[in-house]
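This report concerns only the one structure given below.
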Amino acid sequence: MLDMALFREHAELIRADHTKRGLPHDNIDRIIELDQSWRNLLHETDLLRREKNEAARGIGAAKKAGDQAKAEEILAQVANLGQAISAMEEETKQAMVERDRLRMSVPNILHEDVPIGADESGNTVHGVHGDKPTFTFEPRTHNDLIEMNRWVDLKRAAKITGSRFYFLKGDLARMEFALQQYAVNFLREREFSFVQPPVMMNREAYEGVTDLADFETVMYGVEPDQYYMIATAEHPLTAMFMDETIPEDQLPLRLVGVSSCFRREVGSHGQSDLGIWRVHQFTKIEQIIIARPEDSWKLHEELLSNCVDLWNSLGIHFEIVNICTGDMGTVAAKKYDLEAWIPGAEQYKEIVSCSNCTDYQANRLKIRYGQPGHPNQPIVHTLNSTAVATSRALVAIMEQYQLEDGKVAIPEALQAYMGGQTVLEPCQWG
RNA sequence: GCAGUCGUCGCAUAGCCUGGUAUUGCGCCGGAUUUGAAAUCCGGUGUCCCCGUGACUCGGGAGUUCAAAUCUCUCCGACUGCGCCA
């Protein structure tokens with residue numbers, strides 16, 4: 001959410017951003033209008049309350065002095081004010097609620113480096129790492145590999161849960177576990193502190209970190225407690241500082257979280273999403289940084305280079321993509337994706353998303369930094385990046401490391417976590 | 001899950017019974033004093049707005065009342081005990 005001061009004092013910045021994104025300016029105008037009327041109403045309400053307060057104080061004084069008649073007289077005077085005030089309060093609240101409802105839907109101000117484009121075809125390649133693997137045989141899709149090695153059971157998962165859920169089995173499940181430990185250790189060596197968050201959040205906290213539309217298309221709700229299953233560890237790891245002032249000497253705060261992630265993926269079905277590429281539940285190792293505003297762009301690059309080094313160390317060939325205006329969500333000011341080469345699909349596909357959300361989440365969550373207990377402390381910036389989404393990492397590894405006989409070599413970096421094993425063996429039962 | 005105790009400004013605390021508009025300490029910020037520091041003294045230290053002898057604020061919400069931190073209801077959270085369970 002953008003600071004209201006930005007609408008009041010520098011609406012031209014928001015307008016310019018909307019123009020860049022190809023959005024109409026209606027909402028901006030409406031928000032400014034509603035804000036003005038809210039402020040007018042608030043002032044009028046304050047005046048009425050003041051009048052009432054001043055009169056009511058007289059009642060106490062009169063009663064104390066034993067002047068019952070005077071007390072009754074003031075009481076009669078004040079009688080109507082109460083009703084007038086409640087009516088005015090209702091109107092005032094309406095204006096603010098409507099203003100903020102619209103404000104929630106206004107996207108973050110984009111960084112100037114974000115390329116202009118209508119959709120994902122406008123994204124630009126920012127770098128290429130590793131060599132595209134070559135095969136002396138026809139490479140299989142990961143979907144074929146998981147079936148012939150009996151590493152994933154989609155059928156039984158569909159039976160007991162639903163489609164796009166899965167059992168991971170045998171050596172592939174072990175490699176998933178190895179990836180988690182490897183990624184956490186990798187980031188711990190870079191001063192990230194390990195955190196395991198709750199996987200459910202209440203609505204209030206959730207609205208601080210995500211776009212409202214996500215509640216309809218992304219989040220699973222848990223009845224009857226009205227909790228939401230997290231879509232990524234980014235959400236609890238950022239929202240955990242809601243309504244807090246973080247001492248400045250603790251910044252930048254670098255966290256690495258591991259959690260299951262749950263996504264409904266409403267409306268996104270396609271032949272290109274074979275196997276375990278797009279699923280309702282997966283595990284993700286996530287980097288989070290809470291920073292002072294002046295440090296956040298440098299730290300965004302740090303997050304990216306952590307990803308680059310991590311994926312290079314896994315020996316995966318990938319591109320870095322700078323996401324364009326039309327492909328950017330509501331929350332991020334700038335976003336890089338890492339896209340790994342998937343031979344079976346003959347395309348680069350997203351494995352990492354690395355965002356600087358600037359003060360957009362922190363404004364909603366009221367996360368400040370400085371001296372706790374002091375007024376007007378500045379708002380922090382929040383950044384997040386995938387380290388490894390294990391389901392997609394498994395796909396990338398299986399496809400790039402596959403062998404002619406359908407087995408899969410284990411990236412060297414992970415072998416130590418698998419007892420020195422070098423090749424994933426098929427699962428013995430199906 | 002049941003029962004009891006409790007939730008007050010960054011932290012700690014008073015006020016609640018008996019309704020009249022949040023006390024004190026620590027920390028922090030500014031000033032005075034000092035060669036400098038400590039100590040001491042003075043002032044400040046929740047949010048909002050049109051910045052005032054302004055409005056709001058005592059875990060959240062609702063109610064009673066002219067008036068609620070204070071009374072009532074409800075939800076949330078913490079602690080203790082019992083029960084259950086990885």
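Note that the structure is predicted; figures quoted are calculated from it, not measured. Within every chain, numbering begins at 1; the chains are lettered A, B, ... in the order of the sequence lines, protein sequences first and strands thereafter.
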The Watson-Crick or G-U wobble partner of rU80(B), with both key distances under 3.5 Å, is rA3(B)

If pairing means Watson-Crick or G-U wobble with both distances under 3.5 Å, then the partner of rC17(B) is none

Scanning all shown strands, the Watson-Crick or wobble mate of rG52(B) with both distances under 3.5 Å is rC49(B)

When rounded to the nearest 0.5 Å, the distance separating NE2 of His381(A) from NE2 of His300(A) is 12.5 Å

Under the 3.5 Å rule, do the base of rC28(B) and the side chain of His374(A) count as making a donor-acceptor pair?
-> yes

Rounded to whole angstrom, note down the P distance from rG30(B) over to rU80(B).
-> 41 Å

Are Asp17(A) and Arg21(A) close enough for a salt bridge, meaning some N to O gap below 4.0 Å?
-> yes

Euclidean distance for C1', rU23(B) against rU45(B) (whole angstrom) | 16 Å

Search all heavy atoms of Val114(A) against all heavy atoms of Thr325(A) and return the closest pair with its distance.
-> CG1-N, 3.6 Å

rC85(B) pairs with which nucleotide, Watson-Crick or G-U wobble, both distances below 3.5 Å?
-> none

Rounded C1' spacing from rA68(B) to rG61(B) in Å | 15 Å

Name the nucleic acid region contacted by Arg39(A), choosing base, sugar-phosphate or nothing; use a 4.0 angstrom heavy-atom cut-off, strictly under.
-> base

rG7(B) to rG43(B) separation - P atoms, rounded to the nearest Å | 31 Å

Distance, C1' atom - from rA22(B) to rC58(B), rounded to whole angstrom = 8 Å

With both distances under 3.5 angstrom, what nucleotide forms a Watson-Crick or G-U wobble pair with rA37(B)?
-> none

Electrostatic pair Asp243(A):Arg368(A) at N-O distance under 4.0 angstrom = no

Which part of the nucleic acid, if any, lies within reach of Asn53(A) when heavy atoms closer than 4.0 Å are counted: base, sugar-phosphate only, or nothing?
-> sugar-phosphate

Does NZ or CZ of Arg203(A) fall inside the cone over Phe215(A)'s six-membered ring, less than 6.0 Å from its centre and within 45° of the axis?
-> yes

What nucleic acid atoms does Arg368(A) come within less than 4.0 Å of, heavy atoms only: base, sugar-phosphate, or nothing?
-> nothing

Identified pairing partner of rC28(B), criterion: Watson-Crick or G-U wobble below 3.5 Å | rG44(B)

Across the strands shown, which category fits Asp225(A) at heavy-atom distances under 4.0 angstrom: base, sugar-phosphate, nothing?
-> nothing

rC75(B) to rA14(B) separation - C1' atoms, rounded to the nearest Å = 28 Å

Can you tell me, in whole Å, how much space there is between the C1' of rU8(B) and that of rG25(B)?
-> 15 Å

What distance, rounded to whole Å, do you find between the two C1' atoms, one in rC17(B) and one in rU72(B)?
-> 15 Å

Taking a pair as Watson-Crick or G-U wobble with both distances under 3.5 Å, which nucleotide is matched to rG63(B)?
-> rC71(B)

